[in-house]
Protein chains: 2
Amino acid sequence: MAEGPTINTIAERAGVSIASVSRVLNGLPTREETVRRVLRAAEDLGYVPNSVARSLRNRRTDQVAFAMADIGNPVYLAMVREIQPVLKAAGYRLLLHSTDADVADELDVLRGLRERYVDGLIMSPLRGVTEDHVAAIAAARAPVVVIGSVPEGTPVDNVRTDSRTGVRLALDHLHALGRRRIGFLNGPLDTVPGGARAAAYREALDALGLPYDGDLVEVGDFYRQDGARAARALLGRAPDVDALMCANDLIALGALDVLRRAGREVPGDVAVVGMDDTDLASVAWPTLTSVSLGSAERGRAAARLLLDRLENGPREPRVVVVEPSLTVRASTTGVDPE
Amino acid sequence: MAEGPTINTIAERAGVSIASVSRVLNGLPTREETVRRVLRAAEDLGYVPNSVARSLRNRRTDQVAFAMADIGNPVYLAMVREIQPVLKAAGYRLLLHSTDADVADELDVLRGLRERYVDGLIMSPLRGVTEDHVAAIAAARAPVVVIGSVPEGTPVDNVRTDSRTGVRLALDHLHALGRRRIGFLNGPLDTVPGGARAAAYREALDALGLPYDGDLVEVGDFYRQDGARAARALLGRAPDVDALMCANDLIALGALDVLRRAGREVPGDVAVVGMDDTDLASVAWPTLTSVSLGSAERGRAAARLLLDRLENGPREPRVVVVEPSLTVRASTTGVDPE
DNA sequence: ATTCCACCCGTAAACGTTTACAGGGGCCCA
DNA sequence: TGGGCCCCTGTAAACGTTTACGGGTGGAAT
């Protein structure tokens, strides 16, 4: 692999200094004749500036990273899909980190910021922002935006949703449909979504005047087979359940599988509600009523916050809250929206 | 933002030269005492090496890019999911480019290689490798792996599948089930998959002794609503169709929607086969028989080829062919595999 | 006591840019 | 003709590393 041309090569060929070359290439005022000579030489040589050298000098890489738990999860996918074009339009490249929901990995990513290979980071820590996170963010010297909740007062841009309201919307909907034995298939309690949704479920029951029944609650991981497992367990323990609230769409899909095999009609016997309103919800059968937590919107908001910090420098941390909404489909009403 | 410590800071504090600092940090043989002093100072200062400076000096960035048409497509998602861990394990970061199936954008990415912000590239050009691509790859001076077919003799590592055989598998299956009026919902003909699958369809019909009937073929884009549109058109023109071969799973999902609304039983009246065997296939209802083109495997193979080139230097271009297989589900047999 | 070698370590150059600073040339005006 | 100013351009330093090269020190061998 022969070496490519540098500004030195151009300077030689054009018979000018490297300073002039740089000036021309950056559009700084220069004599017409010099401009022509330099551009000509650059063209002839097929010159492309070395981005690493430029980064070193300019102290910016024009790269931004997004760290998520798992690219396989459609929620993160929706975020990436929104983040990418926003950053691209602003001239940034996107780096992807999949942390496998591993806290140590997340911290590695944060510490990695100090290597300065990116100008900023968007991250979505599944198990919450610990003191270690906060310390690492402070030490990072690069803007960070967190998607998900952060402890009160943490000095970091933050995009969150209100899953409490989200669960509430779902339970109100089920209650209005006459359901009274509403089960809950949750994810791990030590994750932020899991914890929040557990609390929200109890609250919503309270508000509706329904009793809390431990038999109606099952905890597993956030994947489809976990949902299936949880649904089986719950059905065995509480056969009279008439609705299932699921902590995400994947869990709901697993539950649908189990209900189908068990010969329970959906929504006739058991209504099912998912959460995140991913693409899968409209593919499932029956199509899945799901609480939308605005993943796409959260992604876009995060990207915007980060860009703002990158372009306008430090400022007070900001919080953006995205309101949840309920997308009603056949798994609760039996009717598919057009 | 105060400046972080550099090897100069450490050298000063430890009372040694920057050369010694570098040697210690890179584990080159050094006197015990010096090692201790340097490590102590580095620790105290919370030193982290600047990756940009290191890249400039070492002429490598430890970054690799993956350029795909659209992150929204589950096929690419499956690839990313495989590529990421392989690269990560080898110490590379992953950059993502979504080119929106835009050839100009793809060429930009290739040309971008000359800026040297990555050490290598995996790309999956939707509309095929043109002469411009070949030229850009040659000029790139960085290893490139192409997923998808390339013109004979193009000097580039290449991972492909045999969609011809894939289509053949599907049509054989449908034929064995007694279907004789097999429609085809294809993607754009100017894309590589679209073109290849069109040819494969005719070939497979020939092999089965079935006549080719233009009324049974519809072309649209690769998304769900395109599949729906195409299915509607085809059903209108050829109501006696008894099977639908779809050029990918998204198209198949659209077709399923239309069939359901039209009151056609699947597979009773019309059997449906998708292609790519994405996660969606097992979520759909009825679950979708689909030709697996080994997306995950292709991703992994591409990552391995690239790593090999990165670590062992230039060599003859290699081609890896991934064999397709058929995953049979309810949309053709009416029976769900366990 | 001299020579040689081994071992450490420091100096300086290099990677490819950008940019502060100053020098040189031309022009205008006095 | 000389002074001042402006415009253009070149020199050199800086960004933070890695590494070739050579110098210095100390001990062993002669």
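If you're wondering where the values come from, they're calculated on a predicted model, not measured in any experiment. To find a chain, count down the sequence lines: A is the first, B the second, and so on, and within it residues start at 1.
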Could you list all N or O pairs between the protein and nucleotides 5-11 of chain C that sit under 3.5 Å apart?
unit_1: C:dC8; atom_1: O3'; unit_2: B:Arg31; atom_2: NE; d: 3.4
unit_1: C:dC9; atom_1: OP1; unit_2: B:Arg31; atom_2: NE; d: 2.6
unit_1: C:dC9; atom_1: OP1; unit_2: B:Arg31; atom_2: NH2; d: 2.8
unit_1: C:dC9; atom_1: OP1; unit_2: B:Thr34; atom_2: OG1; d: 2.3
unit_1: C:dC9; atom_1: OP2; unit_2: B:Arg31; atom_2: N; d: 3.1
unit_1: C:dC9; atom_1: OP2; unit_2: B:Thr34; atom_2: OG1; d: 3.2
unit_1: C:dG10; atom_1: OP2; unit_2: B:Ser17; atom_2: N; d: 2.9
unit_1: C:dG10; atom_1: OP2; unit_2: B:Ser17; atom_2: OG; d: 2.9
unit_1: C:dG10; atom_1: OP2; unit_2: B:Ser20; atom_2: OG; d: 2.8
unit_1: C:dG10; atom_1: N7; unit_2: B:Arg23; atom_2: NH2; d: 2.9
unit_1: C:dG10; atom_1: O6; unit_2: B:Arg23; atom_2: NH1; d: 3.0

- 5' to 3' on DNA chain D, which nucleotides open and close the contacts with chain A (atom under 4.0 Å from a heavy atom)? D:dC8 to D:dG16
- Message: Do the side chains of B:Arg300 and B:Glu297 get close enough for a salt bridge, i.e. N-O under 4.0 angstrom?
- Response: no
- Query: Do B:Asp100 and B:Ser98 have side chains that get closer than 4.5 Å, going by heavy atoms?
  - Reply: yes
- Check whether any side-chain heavy atom of B:Val129 lies under 4.5 Å from a side-chain heavy atom of B:Pro151, and answer yes or no. yes
- Sugar-phosphate, base or nothing in reach of B:Ser22, heavy atoms under 4.0 Å: base
- Mind checking side-chain hydrogen bond (donor to acceptor under 3.5 Å, both in side chains) for A:Arg114 and listing every partner two or more places apart, or none if nothing turns up? none
- Query: Any sub-3.5 Å donor-acceptor pair from A:Ser22's side-chain atoms to A:Ala19's backbone N or O?
  - Reply: no
- Measure the shortest side-chain to side-chain distance between A:Val118 and A:Tyr92 over non-hydrogen atoms and say whether it is less than 4.5 angstrom. no
- Task: Output yes when A:Asp157 and A:Arg315 qualify as a salt bridge under the 4.0 Å nitrogen-oxygen rule, no when they do not.
- Result: yes
- Query: Heavy-atom contacts under 4.0 Å between residues 49-61 of chain A and DNA chain D, which residues?
  - Reply: A:Leu56, A:Arg57, A:Arg59
- Message: Between B:Asn158 and B:Arg160, is there a side-chain donor-acceptor contact under 3.5 Å, judged purely by atom types and distance?
- Response: yes
Indicate every side-chain donor-acceptor pair of residues 64-72 of chain B with a distance under 3.5 Å to a residue at least two apart or in another chain.
unit_1: B:Asp70; atom_1: OD1; unit_2: B:Gly72; atom_2: N; d: 2.7
unit_1: B:Asp70; atom_1: OD2; unit_2: B:Tyr223; atom_2: OH; d: 2.9

- Message: Between A:Arg304 and A:Asp308, does any side-chain N to carboxylate O distance fall below 4.0 Å?
- Response: no
- Test item: B:Thr191 side-chain N/O and B:Leu126 main-chain N/O as donor-acceptor pair under 3.5 Å: no
- Item | Axis bend over the full length of the helix from C:dA1-D:dT30 to C:dA30-D:dT1, computed from five pairs that close each end, to 10 degrees | 70°
